[in-house]
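Note that this is a predicted model, so its numbers are computed, not measured.
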Amino acid sequence: MLIRQVRRGPKGGRREKHPRRRIVDAISYVVRTGCAWRQLPKDFAPWPTVYWYFTWWHDDGTVERIHDALRGQVREADGRDVEPSAGLIDSQSVRTTDTVPAATRGFDAGKKVKGRKRFIVTDTLGLLLAVHVVAASMQDRDGAKRSLLWTRLDHPGVRKVWADQGFAGRLVEWTAHILGRDLEIVRKDSGQRGFQAQPNRWAVERTFSWLTAHRRLARDYETSPAHSETMIRWAMIGIMVRRLTRGGAATRPGPRPLVRQSS
């Protein structure tokens with residue numbers, strides 16, 4: 001199903017030398033292992049071919065269409081409507097490498113991170129609805145506007161979005177007056193110490209943990225912020241494909257007690 005939705009290149013010319021399945025596998029390998037394009041194993045197509053398809057499918061919107069189609073299937077398999085009615089928003093600051101231009105990175109004074117900041121909007125299952133990558137120096141209440149706007153345009157059924165206290169202030173009024181949506185701030189308990197899962201918000205935190213399990217996303221390597229967003233969508237595509245294949249969310253086996261063997 002996934003391969004059938006991947007578009008071919010421009011019409012004309014000779015037949016494809018490399019099956020599209022191998023191209024998709026190669027891109028997924030880069031996202032999962034974090035290797036450089038030039039270091040793709042010889043089992044895949046040549047790296048310039050794989051990278052050309054990566055940029056081509058990014059430019060013509062193929063990656064977004066595949067991602068959105070899979071998200072609808074995962075929601076239906078979970079007994080939900082295809083389109084969500086509520087969302088969650090959060091940001092994550094990540095370090096960058098020397099391949100990232102200085103103009104597209106900054107310093108997050110709160111997290112003490114020099115790099116880029118990822119804004120994501122998810123549904124209540126933690127599935128991606130919108131993603132926006134900016135310099136880490138941008139404030140949450142400013143950088144979130146584009147993600148909320150894209151969510152409003154692409155998913156008009158989302159009437160309510162939960163966020164943490166970093167998004168409080170004028171962004172709440174902007175969301176209500178400009179987008180006609182309710183942005184509710186979930187605040188920590190006054191006596192909270194250390195990490196604690198917040199009601200209505202824990203799913204978006206889990207999504208960030210899903211993403212950073214992919215080594216390509218542990219840091220930001222992409223020259224273009226738009227390509228960083230596409231890398232995040234490729235990671236979510238892999239997560240959703242595995243979830244559909246298993247028939248449900250992954251479960252951890254838990255600790256296994258050590259049993260000594262008698263000699």
Side-chain angles (χ1 to χ4, degrees), residues 27-39 51 54-55 57-59 61 63-64 67 87-122 126-151 153-154 161-171 174-175 183 195 201 203-239:
I27 295 174
S28 299
Y29 184 88
V30 171
V31 176
R32 191 69 187 182
T33 65
C35 76
W37 292 106
R38 293 175 181 271
Q39 294 176 340
Y51 184 73
F54 172 82
T55 56
W57 291 336
H58 161 82
D59 293 340
V63 180
E64 290 189 42
H67 173 272
L88 319 167
I89 186 171
D90 203 357
S91 66
Q92 179 191 50
S93 295
V94 293
R95 301 184 186 277
T96 53
T97 62
D98 56 0
T99 59
V100 175
T104 64
R105 64 176 186 260
F107 182 72
D108 184 343
K111 302 291 181 61
K112 307 300 182 184
V113 172
K114 183 178 182 180
R116 283 176 176 164
K117 184 176 288 189
R118 300 164 178 165
F119 290 89
I120 65 171
V121 180
T122 71
L127 304 178
L128 192 68
L129 301 180
V131 56
H132 184 43
V133 177
V134 297
S137 54
M138 183 169 290
Q139 296 292 326
D140 284 355
R141 58 180 175 269
D142 298 323
K145 289 183 177 180
R146 184 167 296 185
S147 299
L148 291 171
L149 176 60
W150 286 342
T151 303
L153 296 176
D154 297 336
V161 180
W162 286 283
D164 65 18
Q165 53 194 10
F167 295 88
R170 60 177 180 267
L171 180 63
W174 180 88
T175 305
L183 181 64
F195 174 78
R201 283 199 59 256
V204 69
E205 300 285 356
R206 183 183 60 180
T207 301
F208 276 130
S209 69
W210 287 346
L211 294 176
T212 51
H214 297 74
R215 294 195 175 190
R216 187 75 179 196
L217 300 178
R219 284 178 177 252
D220 197 326
Y221 296 86
E222 312 310 319
T223 303
S224 166
H227 282 181
S228 295
E229 297 165 4
T230 298
M231 280 291 182
I232 291 174
R233 290 191 178 93
W234 273 111
M236 289 301 300
I237 286 172
I239 291 169

I'd like to check [X] versus [Y] (side-chain heavy atoms, cut-off strictly below 4.5 Å). Are they in contact?
| X | Y | result |
| --- | --- | --- |
| D142 | Q139 | yes |
| I120 | T122 | yes |
| L183 | W174 | no |
| T175 | V161 | no |
| S147 | V131 | no |
| T212 | F208 | no |
| S228 | R116 | yes |

Closest contact, heavy atoms only, [X] versus [Y]:
| X | Y | value |
| --- | --- | --- |
| Y29 | T33 | O-OG1, 2.6 Å |
| A203 | L88 | CB-CD1, 3.6 Å |
| G106 | A135 | N-CB, 3.8 Å |
| A144 | F167 | CB-CE2, 3.5 Å |

Please round to the nearest 0.5 Å and tell me the distance separating atom [atom1] of [X] and atom [atom2] of [Y].
| X | Y | atom1 | atom2 | result |
| --- | --- | --- | --- | --- |
| Q92 | E205 | CD | CD | 9.0 Å |
| R201 | D164 | CZ | CG | 4.0 Å |
| D90 | F119 | CG | CZ | 9.0 Å |
| F54 | W234 | CZ | CH2 | 8.5 Å |
| T151 | R146 | OG1 | CZ | 13.0 Å |
| T230 | H227 | OG1 | NE2 | 6.0 Å |

Ignoring hydrogens and angles, tell me if any N or O in the side chain of [X] forms a donor-acceptor pair with the backbone of [Y] under 3.5 Å.
| X | Y | answer |
| --- | --- | --- |
| R216 | C35 | yes |
| T104 | V100 | no |
| H214 | W210 | yes |
| T99 | Y221 | yes |

Just to verify, what does R38 make a salt bridge (Lys or Arg N to Asp or Glu O under 4.0 Å) with, not counting sequence neighbours?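 By the salt bridge (Lys or Arg N to Asp or Glu O under 4.0 Å) rule, R38 matches no residue at all.
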With E229 via salt bridge (Lys or Arg N to Asp or Glu O under 4.0 Å) - residues at least two apart: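 E229 satisfies salt bridge (Lys or Arg N to Asp or Glu O under 4.0 Å) with no residue once adjacent residues are dropped.
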Pairwise salt bridge (charged side-chain N to carboxylate O under 4.0 Å, His left out) hits with a residue in residues 98-114, at least two apart: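 Salt bridge (charged side-chain N to carboxylate O under 4.0 Å, His left out) check on residues 98-114 returns D108-K117.
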Does the distance from a Lys or Arg side-chain N to an Asp or Glu carboxylate O, for R95 and D220, drop under 4.0 Å?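 No salt bridge links R95 with D220.
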Test side-chain contact (heavy atoms from CB on, under 4.5 Å) applied to V121 and I89, T207, D154, the passing residue: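 Among I89, T207, D154, the one meeting side-chain contact (heavy atoms from CB on, under 4.5 Å) with V121 is I89.
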